[in-house]
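In this text, all values refer to a predicted model and were calculated from it rather than measured experimentally. Just so we're on the same page: letters track the sequence lines, and every chain starts at 1.
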Protein chains: 2
Amino acid sequence: MADANDPRARLELLELLWRGGQRPSRGPKPKLTLDQIAQAAISLADAEGLDALSMQRVATELGYTTMSLYRYVSGKDQLVELMTDKAAGDPPPYTGDPADWRAELEAWVHALWELYLRHPWTLRAQLSTPPAGPHQLAWFEAALRPLTRAGLTGGDAISATLLLLAAVRQFAGFAVDMTAGRARAGLTTEESEAGYDAALREFVDPDRYPALTALIGDGVFQPTGLPDSGIGLDLDFGVHRVLDGIESYVRARREQGP
Amino acid sequence: MADANDPRARLELLELLWRGGQRPSRGPKPKLTLDQIAQAAISLADAEGLDALSMQRVATELGYTTMSLYRYVSGKDQLVELMTDKAAGDPPPYTGDPADWRAELEAWVHALWELYLRHPWTLRAQLSTPPAGPHQLAWFEAALRPLTRAGLTGGDAISATLLLLAAVRQFAGFAVDMTAGRARAGLTTEESEAGYDAALREFVDPDRYPALTALIGDGVFQPTGLPDSGIGLDLDFGVHRVLDGIESYVRARREQGP
DNA sequence: TAAAACTGTGTATCACTTACACAAAACAGT
DNA sequence: ACTGTTTTGTGTAAGTGATACACAGTTTTA
């Protein structure tokens, strides 16, 4: 099995991602499958987070010994990579007006946001390559289609996809981290938000942080009762700006020629 | 010392962030300082990454025992939070035209990008609260100023800051992950990029991924020789779109009234 | 009917975090 | 000055986790 410090590890990973780890015909029939292992690991990570994910626990969950997993996976890192692609699943098909690329991208963003809230640990997974698995690329494809239709070409379409991806990932990350931190502190959402507001009021010096102080004074950081402290709305705002920016870019290029 | 599963942990953290862990007057004079510990930990994380960061190694680096660190810090998690704020430092002062909010934000983005490349591990640090340290907030403030001047108010200014922050963080994350993965595989940049292109060509099915296939055919994924595989340029593209979007939003609001 | 290849397992090693208790050090109040 | 209290740095030990390695049993191939 290829060491992690080896170019072969990348090829091996691709093989597993795309061909699901076909086994040679010799030897005993495997009792487990890669898919089964990845599924058990995903369930565990969903329920208790990436920190609670250990080879031991996955193995126990499946009723096998820890070391048996190493017959399917070169190590924990590789397992996480496989989990990440599997958990991504396929993006939901877009059913709206095919000409409305903005709506299609908004739906994409929304679906991805939900995916990350469903599998928060994927945001912390350390991947060794750019997206290369079938599901990761399916999401990529689903964004490229409307962007291409909007009029973006080549590298611009990639850049725009990455920009939207960046926004969703980070905003989801903000939301997830806040929820996790809140839960670890044993606070309600309201308590947590009020505590943050109070902390800002206590420590933020108006001379050093004038703009921030003004916002605090406006009550911007007070508890809102919104889910995820309103991060979803921040994301909506951001996506709207980004799509506006893309639209005006395409228009300018069209009018002015390349 | 407050357990992590305790609201007091948050107050304790704030105390350390803002008042640097003042010590009671009784007892032996401490030989270490919080700052010293954080600095050693930052150097280690810079050099070898967050995985290599252990209490043992930090202590050894300083010439003390592992457990001595626990007199200054409640645990590794808290240390990482302190490191993150300290490593953020203060944003460089903006020296350009004060009326040119776009240039100011571009400079901010650029400085932040460099910060993340200098301290890549901060992108993986798990923080228990929204930004609450003096340096984190200083960066926040530095973005709020030009955005406020641009004409954004209240929650909009926050949303826009988060959007730009999201872009920089994630693009830096892409760059960092690619570099790390490349290094672990023992490949040159060129080899790594060529390998990715080759993998896409091998596995991507034109029927299932038509838009992606078109891009691959255009040679978009071929090695470029650009630093960080051109991610910096993708970020520039993205920031340009975002600023355009913000600008048109402000203009529309001004013309139409709130 | 071997020989070869592969599976699941038991064992062992190494690194890590952190709880706990102890002795020495420094201060506070008398 | 003195004594009790608080705090520091340390030694020890427990618990968890990743993973290397060798072994015995299983299945296929020649």
Discussion item. Once salt bridge (Lys or Arg N to Asp or Glu O under 4.0 Å) is applied, do any residues pair with B:Glu15, and if so which ones, sequence neighbours excluded?
Written reply: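 Once residues adjacent in sequence are excluded, the partners of B:Glu15 under the salt bridge (Lys or Arg N to Asp or Glu O under 4.0 Å) criterion are B:Arg19.
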
Worksheet item: Does A:Asp46 have any salt bridge (Lys or Arg N to Asp or Glu O under 4.0 Å) partners at least two apart in sequence or in another chain, and if so, which?
Response: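 Once residues adjacent in sequence are excluded, A:Asp46 has no partner under the salt bridge (Lys or Arg N to Asp or Glu O under 4.0 Å) criterion.
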
Worksheet item: How would you list all residue pairs meeting side chain to side chain donor-acceptor pair (under 3.5 Å) that involve residues 124-133 of chain A, not counting sequence neighbours?
Response: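 Non-adjacent pairs meeting side chain to side chain donor-acceptor pair (under 3.5 Å): A:Glu81-A:Ser128, A:Arg124-B:Gln126, A:Gln126-B:Arg124.
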
Item to complete: Could you note down all residue pairs passing side chain to side chain donor-acceptor pair (under 3.5 Å) where residues 20-31 of chain A supplies at least one of them, sequence neighbours left out?
Response: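 Residue pairs with at least one partner in residues 20-31 of chain A: there are none.
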
Worksheet item: Between A:Arg23 and C:dA5, is there a side-chain N or O to OP1/OP2 distance below 4.0 Å?
Response: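 No, no such contact exists.
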
Practice prompt. List in chain and number order the residues that pass ring-ring contact (aromatic ring centres under 6.0 Å, His included) with B:Phe174, two or more places apart in sequence or in another chain; answer none if no residue qualifies.
Written response: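 With neighbours one apart ignored, the set is B:Phe171.
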
Worksheet item: Side chains of A:Arg182 and A:Thr188: do they bring a donor and an acceptor to under 3.5 Å?
Response: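 Not at all, the side chains of A:Arg182 and A:Thr188 share no donor-acceptor pair under 3.5 Å.
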
Item to complete: Using a cut-off of strictly less than 4.0 Å between a heavy atom of the residue and any atom of DNA chain C, enumerate the qualifying residues of residues 25-37 of chain B by number.
Response: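 Heavy-atom cutoff 4.0 Å gives B:Ser25, B:Arg26, B:Gly27, B:Pro28, B:Lys29.
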
Worksheet item: Tell me, do A:Val176 and A:Trp121 make a side-chain contact under 4.5 Å, heavy atoms counted?
Response: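 SC-SC contact between A:Val176 and A:Trp121 ruled out.
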
Practice prompt. Taking the side chain as every heavy atom from C-beta outward, state whether B:Asp228 and B:Leu117 have any pair of such atoms under 4.5 Å apart.
Written response: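 Yes; the side chains approach each other to less than 4.5 Å.
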
Fill in: Residue pairs involving residues 54-63 of chain B (criterion salt bridge (charged side-chain N to carboxylate O under 4.0 Å, His left out); sequence neighbours excluded)
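Listed once each, the pairs are B:Glu48-B:Arg57.
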
Worksheet entry | Reading 5' to 3' through nucleotides 9-18 of chain C, protein heavy-atom contacts under 4.0 Å coded B for base, S for sugar-phosphate only, - for none | BBB----BBB

Item to complete: Check side-chain contact (heavy atoms from CB on, under 4.5 Å) between A:Ile216 and all other residues, then give those that pass, not counting sequence neighbours.
Response: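 Per chain and number, A:Ile216 pairs via side-chain contact (heavy atoms from CB on, under 4.5 Å) with A:Asp197, A:Leu200, A:Arg201, A:Val204, A:Leu212, A:Phe221.
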
Discussion item. Under the rule for side-chain contact (heavy atoms from CB on, under 4.5 Å), what residues qualify as partners of B:Thr224, not counting sequence neighbours?
Written reply: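 Only B:Glu193, B:Leu226 meet the side-chain contact (heavy atoms from CB on, under 4.5 Å) criterion with B:Thr224.
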
Worksheet item: Is any side-chain N of the basic residue among A:Arg208 and B:Asp90 closer than 4.0 Å to the acidic one's carboxylate O?
Response: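 Yes.
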
Discussion item. Distance under 4.0 Å to a non-hydrogen atom of chain A counts as contact; along DNA chain D, which nucleotides mark the start and end?
Written reply: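 Contact boundaries, 5' end first: D:dG17 to D:dT29.
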
Discussion item. Between the opening five pairs and the closing five pairs of the helix from C:dT1-D:dA30 to C:dT30-D:dA1, how far apart are the helix axes, to 10°?
Written reply: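 Inter-axis angle at the ends, rounded: 10°.
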
